[in-house]
Amino acid sequence: MARNTKSKRAGGRASTASSRKSKSLKNKADKNTAAHAEAVRQMVDPLFEQQLKFYEQAVQHFQQQKLAKAKELLEKAITGPSKELADRAQVHLRITEQRMAKQAAPSLRTPEEHYQAGVAMMNLGRWDEARDHLLRARKMAPKADFVFYAMAALDCLTGEAESAMENLKTAIQLRPENRYHARNDEDFAFLQEDPRFTELLYPEREASGS
């Protein structure tokens with residue numbers, strides 16, 4: 001009887017192992033089927049074909065250092081149906097933009113050019129790049145009121161109240177007309193509730209109050 005019992009247990013383990021193997025093979029088959037279905041879908045999907053074409057062309061332009069064209073094509077590839085391809089395009093786009101920025105930097109030689117680049121970066125919400133250009137402009141032209149004014153605006157947009165007040169104060173000292181510009185400048189909305197801002201822009205109120 002003991003021998004028969006052992007045989008039954010062995011048979012049960014074999015059955016369980018066989019069942020697990022069967023499930024594993026089934027799961028693998030399901031995954032393979034799903035992957036094949038996705039591959040087939042992509043092959044016949046014209047939107048995927050267009051996305052792939054944009055990506056491949058972009059890579060070619062990138063390798064040829066035609067960065068502007070590569071950037072244009074990568075931006076199109078990002079909007080395609082394939083997430084994997086879109087992610088790859090996003091990585092290439094980031095590298096392309098970095099290279100374009102490095103190429104553009106040496107051509108900026110005057111404080112005015114760096115100032116304009118800084119303002120452009122501000123409009124795009126690229127605060128770090130904007131600050132870098134404005135700091136370069138300030139170093140080259142330490143008495144340029146418009147640079148200090150732009151830096152004050154940037155400080156407001158990034159929540160730097162103390163720095164904003166200092167830069168705006170300097171801009172007004174260098175050119176008093178900046179006081180009137182700042183009164184109607186939406187970039188300084190961050191400082192509207194700060195009494196120092198009111199005192200700086202409306203000194204006549206303080207004078208009349210005293």
Participant: Tell me whether L47 is reachable from L52 by hopping between hydrophobic residues (I, L, V, M, F, W, Y) whose side-chain heavy atoms are closer than 4.5 Å.
Facilitator: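 Result: no, two separate clusters.
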
Participant: Nearest heavy-atom pair of T96 and L67: which atoms, and what distance?
Facilitator: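 So the two residues come closest at CG2-O, 3.5 Å.
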
Participant: Judged by atom type as modelled, is there a donor-acceptor pair below 3.5 Å linking the side chain of R183 to the main-chain atoms of L201?
Facilitator: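 Yes.
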
Participant: Got L168 and Y149 here, is their nearest side-chain heavy-atom distance under 4.5 Å?
Facilitator: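 L168 reaches Y149 side chain to side chain.
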
Participant: Return the CD1 to NZ distance between I95 and K71, rounded to the nearest 0.5 Å.
Facilitator: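 If we round to the nearest 0.5 Å, I95:CD1 and K71:NZ are 14.5 Å apart.
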
Participant: Please report the closest heavy-atom contact between Y115 and A150, naming both atoms and the distance.
Facilitator: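 What the structure gives for the nearest pair is CE1-CB, 3.7 Å.
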
Participant: How about C156 and D187: do any of their side-chain heavy atoms sit closer than 4.5 Å?
Facilitator: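 A side-chain contact under 4.5 Å is absent here.
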
Participant: Working to the nearest 0.5 angstrom, can you tell me the gap between F188 CZ and H181 NE2?
Facilitator: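 Taking CZ in F188 and NE2 in H181, the distance rounds to 11.0 Å.
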
Participant: So does D128 have more than 12 non-hydrogen atoms from other groups sitting under 6.0 Å from CG?
Facilitator: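 Not more than 12 within 6.0 Å, no.
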
Participant: Assess the residue pair Q192 and F197 against the criterion (side chain to side chain contact (heavy atoms under 4.5 Å, CB included)); give the C-alpha distance rounded to whole Å, side-chain angles, the decisive distance to 0.1 Å, and a yes or no.
Facilitator: CA-CA 7 Å; Q192 290 295 333; F197 181 71; 3.8 Å; yes

Participant: Let me confirm one number: the CG-CD distance from D45 to Q50, rounded to the nearest 0.5 Å.
Facilitator: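 The distance works out to 11.0 Å.
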
Participant: The test is side chain to side chain contact (heavy atoms under 4.5 Å, CB included); show your working for T198 and D194 and say whether it passes.
Facilitator: CA-CA 7 Å; T198 303; D194 192 322; over 6 Å; no

Participant: More than 12 foreign heavy atoms under 6.0 Å from CD of E193: is that the case here?
Facilitator: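 Atom CD in E193 is not crowded, with 12 or fewer foreign heavy atoms closer than 6.0 Å.
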
Participant: Could you see if L157 belongs to whatever hydrophobic cluster contains L191? Use Ile, Leu, Val, Met, Phe, Trp, Tyr and a side-chain cutoff under 4.5 Å.
Facilitator: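 Result: no, two separate clusters.
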
Participant: Using a 3.5 Å distance criterion without hydrogens, assess whether the side chain of Q51 forms a donor-acceptor pair with backbone atoms of A77.
Facilitator: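 Flag set: sc Q51 to bb A77 pair under 3.5 Å.
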
Participant: Would you please name every residue forming a ring pair (Phe, Tyr, Trp, His ring centres under 6.0 Å) with F62, sequence neighbours left out?
Facilitator: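 F62 satisfies ring pair (Phe, Tyr, Trp, His ring centres under 6.0 Å) with H92 once adjacent residues are dropped.
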
Participant: Transitively linked via ILVMFWY side-chain contacts under 4.5 Å: L154 with L135?
Facilitator: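 Linked, L154 and L135 end up in one cluster.
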
Participant: Could you tell me whether E166 and K169 have a side-chain N and a carboxylate O separated by less than 4.0 Å?
Facilitator: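 Judged by the 4.0 Å cut-off on N to carboxylate O distance, E166 and K169 do not form a salt bridge.
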
Participant: Testing the basics here: between A137 and P111, what is the closest heavy-atom pair and its distance to 0.1 Å?
Facilitator: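 Residues A137 and P111, closest heavy atoms: CB-O, 3.5 Å.
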
Participant: Could you walk me through whether R131 and D155 pass the side chain to side chain contact (heavy atoms under 4.5 Å, CB included) test, one step at a time?
Facilitator: CA-CA 9 Å; R131 192 176 302 281; D155 288 331; 2.9 Å; yes

Participant: State the NZ-CD distance between K69 and Q64, to the nearest 0.5 angstrom.
Facilitator: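 Reported value, rounded in 0.5 Å steps: 12.0 Å.
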
Participant: One thing to verify: whether E113 and R109 come together as a salt bridge, which I'm taking to mean a side-chain N less than 4.0 angstrom from a carboxylate O.
Facilitator: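 Salt bridge: no.
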
Participant: Compare every heavy atom of A86 with every heavy atom of I78, then report the nearest pair and how far apart it is.
Facilitator: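 Closest heavy-atom pair between I78 and A86: O-CB, 3.4 Å.
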
Participant: Distance check, rounded to the nearest 0.5 Å: R94 atom CZ versus L74 atom CG?
Facilitator: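 With rounding to 0.5 Å, CZ (R94) is 11.5 Å from CG (L74).
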
Participant: Ignoring hydrogens, what is the shortest heavy-atom contact between M100 and A68? Give both atom names and the distance.
Facilitator: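 Looking at all heavy atoms of both residues, the shortest contact is CE-CA, 4.1 Å.
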
Participant: Could E49 and K53 be called an ion pair, given the rule that one side-chain N must be under 4.0 Å from one carboxylate O?
Facilitator: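 Looking at E49 and K53, the cut-off is not met.
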
Participant: Test of understanding: clusters of I, L, V, M, F, W, Y form through side-chain heavy atoms closer than 4.5 Å, transitively. Do M151 and F146 belong to the same one?
Facilitator: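 Yes: a chain of side-chain contacts under 4.5 Å links M151 to F146.
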
Participant: Any side-chain heavy atom of H114 sitting closer than 4.5 Å to one from L134?
Facilitator: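 No; the side chains remain at least 4.5 Å from each other.
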
Participant: Could you check whether R126 pairs with E97 (Lys NZ or Arg NE/NH1/NH2 to Asp/Glu carboxylate O, under 4.0 Å)?
Facilitator: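 No salt bridge links R126 with E97.
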
Participant: Is the backbone of V147 close enough, under 3.5 Å, to the side chain of R138 for a donor and an acceptor to pair up by distance?
Facilitator: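 Not a single qualifying donor-acceptor pair exists.
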
Participant: Can you list the steps and then say if L73 with Y55 is a side chain to side chain contact (heavy atoms under 4.5 Å, CB included)?
Facilitator: CA-CA 7 Å; L73 292 167; Y55 178 76; over 6 Å; no

Participant: What's the verdict on salt bridge (Lys or Arg N to Asp or Glu O under 4.0 Å) for R196 and E162, showing C-alpha distance, side-chain angles and the deciding distance?
Facilitator: CA-CA 10 Å; R196 297 173 300 171; E162 297 299 324; 3.1 Å; yes

Participant: Please check this pair: side chain of N178 against backbone of A171, looking for a donor-acceptor N/O pair closer than 3.5 Å.
Facilitator: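 Judged by distance alone, yes, a pair lies under 3.5 Å.
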
